[in-house]
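Notes follow once the structure below has been shown.
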Amino acid sequence: MDLSFTPEQETFREEVRAFIQEAMPPHIREKAEKSGQFTMDEIMEWHRILYKKGWVAPHWPKEYGGAGFDAAQRFIFTEEMALAGAPGLSPFGLSMVGPLIMHFGTPAQKERFLPKILSGEEVWCQGYSEPNAGSDLASLKCKAEDKGDHFVVNGQKTWTTYGQYADWIFCLVRTDSSGKKQEGISFLLIDMKTPGVKVVPMLTIGGTPAFCDTYFEDVEVPKENLLGPQNGGWTLAKALLGHERTMIGGTGPLLRSLNNLKRIAAECPDGQGQTLADDPSWRRRAAALEMRYRAHEMVVLKQIAEQQAGRQPGPEASIMKIVGTTLGQQIDELTMDTMGLNSLNWFNDPPAVPPLQEWVGSNFCYNRATTIFGGSNEIQRNIMAKMLLGLPTLKFQAS
Amino acid sequence: MDLSFTPEQETFREEVRAFIQEAMPPHIREKAEKSGQFTMDEIMEWHRILYKKGWVAPHWPKEYGGAGFDAAQRFIFTEEMALAGAPGLSPFGLSMVGPLIMHFGTPAQKERFLPKILSGEEVWCQGYSEPNAGSDLASLKCKAEDKGDHFVVNGQKTWTTYGQYADWIFCLVRTDSSGKKQEGISFLLIDMKTPGVKVVPMLTIGGTPAFCDTYFEDVEVPKENLLGPQNGGWTLAKALLGHERTMIGGTGPLLRSLNNLKRIAAECPDGQGQTLADDPSWRRRAAALEMRYRAHEMVVLKQIAEQQAGRQPGPEASIMKIVGTTLGQQIDELTMDTMGLNSLNWFNDPPAVPPLQEWVGSNFCYNRATTIFGGSNEIQRNIMAKMLLGLPTLKFQAS
Amino acid sequence: MDLQYTEEQLMLRNTVADFVSRESPISRARKLHEDETGWEAAVWKQMGELGWLAFPFAESLGGFGGQFVDAAIIVEELGKALVPEPFVASIVTAGQALALAGNEQQQQNWLAPVLAGEATLAFAASEADNRYHIAERAGTTLDANGNGYILTGEKVWVDNGQAADTLLVTASGPDGLTLVAVEADRDGVERRTVKTIDGRRAAIIRFNGTPISADHIVGNPGDDTVALVDRVRDLGAAAACAEAVGVSQVAFDMTVEYLKTRVQFDVPIGAFQALQHRAVDMFIENELLRAATLAAALRVDEDDVSERHMAVSAAKKQLAVGGKFVAYQAIQLHGGIGITEEHDIGLYLKRMQALGVLFGDEAWHEARYADEPAFQAR
Amino acid sequence: MDLQYTEEQLMLRNTVADFVSRESPISRARKLHEDETGWEAAVWKQMGELGWLAFPFAESLGGFGGQFVDAAIIVEELGKALVPEPFVASIVTAGQALALAGNEQQQQNWLAPVLAGEATLAFAASEADNRYHIAERAGTTLDANGNGYILTGEKVWVDNGQAADTLLVTASGPDGLTLVAVEADRDGVERRTVKTIDGRRAAIIRFNGTPISADHIVGNPGDDTVALVDRVRDLGAAAACAEAVGVSQVAFDMTVEYLKTRVQFDVPIGAFQALQHRAVDMFIENELLRAATLAAALRVDEDDVSERHMAVSAAKKQLAVGGKFVAYQAIQLHGGIGITEEHDIGLYLKRMQALGVLFGDEAWHEARYADEPAFQAR
């Protein structure tokens, strides 16, 4: 056993680092170093740069145009991107619907959708949650009536992240209300330019329009945009959940947060002539978080090792979402504390705080969402209790 | 409003302090200062000293031989006893069955039992839990058959704290199995010298025989020992629970633990030439616990103020058990950490550590029980969610 | 020991609560997020007319001889609806500084109009370099200049600095720490309004050699002023806790209500045990915050500085531990809707976050408590 | 990067697990609580014969060239049934000290019989005054005396000190920190057996001017020995974590089993959501402990001292945070029965508690991590 990377892997790391150094445009580099906050235009610009290099989809097989990296390469790639502060790409196409299309799509669907996800020509968003179907996703009501060669969709999706920038939305819709609620759900791919689709961005508590309400009024969706079997959408939803769980995601942003935390501490006076980075008790708080990061990272590395060996990741993969999001929020909290009164800052122009501190408050607020979305941590625990620990289920009734 | 005590109350405090100074026998004082750990003989010796002074039952009304202290006096009394490290008296007679007898007992029962609880002639214990009735107390099976003028009791009680020292036991027993399980329970007072009662002490994880199994085999209990109505014992059980919740208990032992923690820290080398009490980061850990103690103490004081004003304590009384026991365990944990390798000590004779550290490990282990007994903290939260917050109940079935 | 609110205090609480629900529901706070001042002079005037602003002052100052507890009652009720008028800056920190250390003329000039609701104050002590050590360190300087002085330096994130008529400014002067009253419209005072996380406004204020006359110095420079600023910091911290009690209480109440009404899996989600227990833990932290804050509010008036420090720090610690727990869990239990700006619960999170850093954060108060000689001795 | 256990390692794990379940179920550990030595020479001999004791040593020492990970596998499996034989003291701490710094003669004399299961060792570095700073501070002195030395001082809570044939003792000598091998039956060695919280035994050992000859000095006194003891402390800490993984795993498994079988309110209590979520949190902490410990086990063999420190401290911190959480909650979820000595779960709590203080506790490791230059740089 060996925790160090092979010489080949270290070479690959150098290659990634050199590429970033060379390919990252100066205006993106400046933001990466200063605020770590990017516009959608900048994110897509970076997307296209990676696409040109063939690295936009590290986890896609080569046959679909992915980089075909192995698990260790993906880890290295993610880590280097995080250390460089590169923009995080939108996951909805690359990490969510893309892999689903590979697995469940017809050849025509693969040909139609995958290349444009890769190239960035088509940006995707996710239509899962509805006002009355959050944690209880299967109770969704957005309806798709079967009209022979097409569906007619009516209803509303909410908390659609960055829907205003998307060309396509993948949706869970109800195609049958007669049986168990999980059984009448289908998975539709909907062109957002179709008449009847209306996107209304809304502000989040982070002060940015990261969410939308998405309304469907008599929206016609051709049958060829049905992914997987009709009324079989729940299987796809569960597969996506499983896939999300095992995404390497998490360590990259966490590592970047930890680095930013330390950089910020070095620029925050402690009020007694030094900076917080010099304060032993601040250092211990930060160390405690980094030590937990190390444990979390090792869980990820172990899982990569399993994948490298061609095995399915073990059940410990399930804990990544809970541990990663909780730790991320704790890092945010300490970063806010570290900034002292500067943590009061909120979108001041010209800036009222150093660039690295500018977005911290907004991110702190918005990141409260991380323990809610993608299956709240409470729902994750429900699933783990049942699936992993085999604990009995309480049969309950509405009272 | 005023947080300070009145001159009369301060005079009372002086009186209590002077009394302790004068009345505490040297061998008890020595233990109070050194280990804080007492034998049952010593506890009963102190009981009798307080009895002679008329202070053994600070919370009993004068008509029953109590001290008749008001709430503030009781707080002061408790605090002074804690600061002096005086032995804690057995609560089963004085704080549990005594008040129940006052409230539910017949004149004959009051006359028969109360004076001997006060004098310490009769020591009590509690027979509630059974092997299969812990959190779900109402499912208890220990049976009392009605034989006209007496009951015949058969069954087992467990986790009977200090049953081996007790003369009497108050028991919840099943007198009817036909209806809802809460409805067929009665509250019996049983002389432990009755033929058929067998007490088997067992060791706890603290290494002391603090618990017993108590077996009843055809034990005849005269009807006059039924407290409250037949099949109405659940009401008494609930009243006792409510009473336990509102006992001032908690702050006394916590205050003593905090003081011991600091005294121990001052005798523990930090390995770098000072003691832990000099270590800023140790001090902050201890400070964090003491700050929480202050908040907890203020909840208690507010409740005393309500009682002083003749009102029922507010719902915040319910939180005392959860907060107090959790905080107590945290103080234990920090005390163990503070002791370093000395925390490995376990009943060495001659002692292997300073006297103040001798019982810490045993208490640390045993005190894990505090969040379990008297209604586990999980059960407390269930009750509070329903009774205090009015949250709905999930109707469930065995699956 | 007397922990009963008096009839007057109960009446005060009711009056404030009535006023708030009538005149300043949460929707008003939200509307004022767009306002450059962040609050309204007309409402402030009303508060003055109702007599609240005078309540916590001695009768000699035109007040009702109230204790700090009276101010705490008002602040808690204002906190429930996030009322943005500058009560703490004007009445609790700068106002009390004038009441405690100002001479009659100063009180007449700068405090009396405040009590009438006709002016407001700000306490300007924080700088980019002094963090929470505002009584111990001032980079702003007060230099002798002829018969008077000139003031040079920058204060940051000054609560109500953007609107105050008079600023009470800490500076290092010839005799040590000095508190200076500066009319905001003076030459050499440069104010920049900045937005804060809670939708309010504050100011970054530069003094570019602002001329100061001797009659603008409040109290005795040196140790007395250090003690005064230390005390004002405690008053501010205790007020932050009092406001946090209101914020926490409403966040908790909204959450319990949501748990009872939000249905998922065919039942109100408040029927799920894990969420029930979380709600109970919120209740507990809220009650502990309420209790610790009452202790701080009572001790903050006391002469025993050590007891004052410890009670205030214990409350501020509980704000950071318990108040924030309530706010975070309120968002978590609201789920997706709690992340949207349109729902009110997020406003309570943000205000709690701001209260956490005002007048010393968790780490600062924990360290102060741990270093109190009385902590060791207790 | 290779995180796959080799076939040999998987086989080793199985062999140890089989042996433990056959020869040393938990009931044996319990029986040995009453034994004055706390373990049995016959079982130790068996372990030697099975080759485990040699496994983590280089082939030149008669070992199998194993990594520390091999030792970790054995320790983890022994931890599952709380097997009390002195594997860590003999093989990991004192044994590795001899392997790393001893000369051939010393290894022949004191290590070879250990690998054969015919003798045991103890590493005696802790004193009443040095807490966990065993590489930085030794009150025990080694004074020159004619051709040799005399050793004076007291070591406390020495793991296997009550039974070891040879003690490796730290002392302040003429050239700085010195590691001395002392046969336990020498004149001037006074051992007192003491009971420990986990039902085991340790020793308080006094050296009353014990004569030491030069050939009993292991390695080079001074900086080399400081580095050696620092490394041994990390080996011990990593071994404590490995054992904690076994302890935590069993405590978790027992608890899940109990949740499935204990019926209250007519259902298995594991059906209650609050307990389910608690169990999931136990699972999480257990997995994090396992992961952090594997990282420590791999890094502890590395030459990069800073990385070694950080990986080991991160694991020991997770033992204190997560391992203890599992142990505490295991008791809590067992309820009343978990407080009785007769139930096994309490034994796991106590062993976890002991592992928490061996080779540096949470605070010590957190402080060390925070002070590593590489922490700032990372």
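Residue numbers start from 1 in every chain, and the chains themselves are labelled A, B, ... in the order their sequence lines are given, proteins ahead of strands.
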- Contact leader toward chain A among C:Glu362, C:Arg278, C:His343, C:Glu342, where contacts are heavy-atom pairs under 4.5 Å: C:Arg278

- Item | Under 4.5 Å from a heavy atom of chain A, the part of C:Asp129 involved | both

- Using non-hydrogen atoms and a 4.5 Å limit, figure out which bit of A:Val360 sits close to chain C: side chain, backbone, both or neither. neither

- Indicate whether the side chain of A:Gln357 and that of A:Glu267 have a donor and an acceptor atom separated by less than 3.5 Å. yes

- Message: Please classify the contact of C:Ile339 with chain A as side chain, backbone, both or neither, using a heavy-atom distance under 4.5 Å.
- Response: both

- Checking salt bridge (Lys or Arg N to Asp or Glu O under 4.0 Å) for the pair C:Glu136/C:Arg131: CA distance, chi angles, key distance, verdict? CA-CA 10 Å; C:Glu136 297 77 15; C:Arg131 204 166 168 92; over 6 Å; no

- Message: So for A:Leu334, is it side chain, backbone, both, or neither that comes closer than 4.5 Å to the heavy atoms of chain C?
- Response: neither

- Contact winner vs chain C - A:Met339, A:Met202, A:Glu378, heavy-atom pairs under 4.5 Å: A:Glu378

- Item | Proximal component of C:Gln353, with respect to chain A [non-hydrogen, under 4.5 Å] | side chain

- Message: Counting only non-hydrogen atoms closer than 4.5 Å, does A:Phe211 touch chain C with its backbone (N, CA, C, O), its side chain (CB onward), both, or neither?
- Response: side chain

- Item | Part of C:Leu275 lying under 4.5 Å from any heavy atom of chain A | side chain

- Name the region of A:Ser281, side chain, backbone, both or neither, that has any atom closer than 4.5 Å to a heavy atom of chain C. neither

- Item | A:Ala138, part contacting chain C, at a heavy-atom distance under 4.5 Å | neither

- Item | A:Trp346-C:Asp198 side chain donor-acceptor pair, cut-off 3.5 Å | no

- Below 4.5 Å from any heavy atom of chain C, which atoms of A:Arg285 appear? Answer side chain, backbone, both or neither. side chain

- Taking C:Gln264 for the side chain and A:Ser135 for the main chain, is one N or O donor matched with an acceptor at less than 3.5 Å? yes

- Query: Would you say A:Lys157's side chain and A:Phe216's backbone share a donor-acceptor pair under 3.5 angstrom?
  - Reply: no

- Under 6.0 Å between the ring centres of C:Tyr369 and C:Trp364? no

- Return the option, out of A:Thr371, A:Leu341, A:Asn132, A:Asn342, with the maximum number of heavy-atom pairs under 4.5 Å with chain C. A:Leu341

- Residues C:Lys350 and C:Thr196: side-chain donor-acceptor under 3.5 angstrom: no

- Winner by heavy-atom pair count (cut-off under 4.5 Å) against chain C, out of A:Thr275, A:Thr158, A:Leu276: A:Leu276

- Task: Between chain A and each of C:His133, C:Glu366, C:Lys195, C:Arg200, count heavy-atom pairs under 4.5 Å; write down the option with the most.
- Result: C:Lys195

- Item | Residue part contacting chain C, namely of A:Asp349, when any heavy atom lies under 4.5 Å | backbone

- Yes or no on salt bridge (Lys or Arg N to Asp or Glu O under 4.0 Å) for C:Arg30 and C:Asp344, after CA distance, side-chain angles and deciding distance? CA-CA 9 Å; C:Arg30 191 183 275 283; C:Asp344 290 337; 2.7 Å; yes

- Message: Need one label for A:Pro351: side chain, backbone, both or neither, based on atoms under 4.5 Å from any heavy atom in chain C.
- Response: backbone

- Query: Tell me, side chain or backbone of C:Arg192 under 4.5 Å from chain A's heavy atoms, or both, or neither?
  - Reply: side chain

- From the list A:Phe364, A:Phe373, A:Tyr366, the residue making the most non-hydrogen contacts under 4.5 Å with chain C is A:Phe364

- Determine whether the side chains of C:Glu36 and C:Gln162 contain a donor N or O and an acceptor N or O closer than 3.5 Å. no

- Task: Could you tell me the separation between the CD1 atom of A:Ile185 and the NZ atom of A:Lys180, rounded to the nearest 0.5 Å?
- Result: 11.0 Å

- Item | C:Ala128 versus chain A, the contacting section by heavy-atom distance below 4.5 Å | backbone

- Item | Top contributor to chain A contacts, counting heavy-atom pairs under 4.5 Å, from C:Ile134, C:Ile337, C:Ile204 | C:Ile337

- Would you mind checking if C:Glu243 and C:Arg351 are paired as a salt bridge, meaning a charged N to carboxylate O distance below 4.0 Å? yes

- Query: Taking A:Asn377 as the fixed residue, which of A:Thr370, A:Ile372, A:Thr325 is the one that meets the side chain to side chain contact (heavy atoms under 4.5 Å, CB included) rule?
  - Reply: A:Thr325

- What part of A:Thr208 lies closer than 4.5 angstrom to a heavy atom of chain C: side chain, backbone, both or neither? neither

- Message: Strictly below 4.0 Å, N to O, side chains only: are A:Asp337 and C:Lys324 in salt-bridge contact?
- Response: yes

- Is it the case that A:Gln37 and A:Asn363 place a side-chain donor and acceptor less than 3.5 Å from each other? yes

- Item | Side chain / backbone / both / neither for A:Gln329 at chain C, heavy atoms under 4.5 Å | neither

- List the steps, then state whether salt bridge (Lys or Arg N to Asp or Glu O under 4.0 Å) holds for C:Arg231 with C:Asp234. CA-CA 5 Å; C:Arg231 181 158 175 186; C:Asp234 277 337; over 6 Å; no

- Item | Per-residue contact mode, A:Asn382 against chain C (heavy atom under 4.5 angstrom) | neither

- Query: Can you tell which of C:Val156, C:Thr340, C:Asn130 has the highest number of heavy-atom pairs within less than 4.5 Å of chain A?
  - Reply: C:Thr340

- Message: Less than 4.5 Å to any heavy atom of chain A: does that hold for the side chain of C:Leu349, its backbone, both, or neither?
- Response: side chain

- Task: Would you confirm whether A:Arg368, through its side chain, and C:Tyr328, through its main-chain N or O, come within 3.5 Å as a donor-acceptor pair?
- Result: no

- With a 4.5 angstrom heavy-atom cut-off, which part of C:Ala354 approaches chain A: side chain, backbone, both or neither? both

- Top contributor to chain A interface from C:Gly338, C:Gly336, C:Ala363 [non-hydrogen pairs under 4.5 Å]: C:Gly336

